[in-house]
Amino acid sequence: MNTSLLIVSLICLMALAACRGPASVGVDQSSLQPISYQEPVTPATPAAETRPPEEQFVVGQLTDINMDAKTFVLKDTKGNAHSFAFSETTKLTGGGGVRDLRGQEGKNATIRYVESDNRKSAVQIHI
């Protein structure tokens, strides 16, 4: 029993010595640097959204196709007119390529488009 008590006492003394810190172990205090506080770093927020604009759809009748300005108007089922821009990369399904858009006035179409800076750009025209 005395041996067990002696071992427990030694463990407790070693734990107390470890808790007292470097001063009790004889560490050279001149090599230690004081801890300085630094402000937490906040990640920078991007100036503008990097997500592409969300695609939307509208159904109606093609009117006012201007091949030179690469624009057209679609009158939706409620009678509202929507102006769109298109380009050579705009897909035209059911009628050939966008060069074949000429002569399609009056036909029903579904337009898949993106809107950016109050401008609607057709991604796909399905006739």
For [X] and [Y], indicate whether the former's side chain and the latter's backbone hold a donor-acceptor pair under 3.5 Å.
| X | Y | result |
| --- | --- | --- |
| Ser121 | Val114 | no |
| Glu55 | Arg112 | no |
| Asp117 | Arg119 | no |

Open item on the list: Would you call the rings of Phe72 and Phe86 parallel, tilted or perpendicular, taking 30° and 60° as the class edges?
Closed with: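 It falls in the tilted class, 30° to 60°.
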
Which atoms form the tightest heavy-atom contact between [X] and [Y], and what is the distance?
| X | Y | value |
| --- | --- | --- |
| Gln124 | Thr90 | N-CG2, 4.2 Å |
| Val98 | Ser87 | CG2-O, 3.6 Å |
| Asn108 | Gln61 | OD1-CB, 4.1 Å |

Supply the atom-to-atom distance [X] [atom1] to [Y] [atom2], rounded to the nearest 0.5 angstrom.
| X | Y | atom1 | atom2 | answer |
| --- | --- | --- | --- | --- |
| Leu74 | Leu62 | CG | CG | 5.5 Å |
| Lys70 | Leu101 | NZ | CG | 11.0 Å |
| Ile127 | Gln104 | CD1 | CD | 4.0 Å |
| Glu105 | Arg102 | CD | CZ | 10.0 Å |
| Ile125 | Lys91 | CD1 | NZ | 12.5 Å |
| Lys120 | Thr71 | NZ | OG1 | 13.5 Å |

Open item on the list: Contact between Glu54 and Glu115 at the side-chain level, heavy atoms closer than 4.5 Å - yes or no?
Closed with: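 Not in contact.
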
Open item on the list: Are Tyr113 and Val73 linked, directly or through intermediate hydrophobic residues, by side-chain heavy-atom contacts shorter than 4.5 Å (ILVMFWY only)?
Closed with: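 Looking at the clustering, Tyr113 is in a separate group from Val73.
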
Open item on the list: Please tell me whether Val123 and Phe84 are part of a single hydrophobic cluster in this structure, the criterion being side-chain heavy atoms less than 4.5 Å apart.
Closed with: no

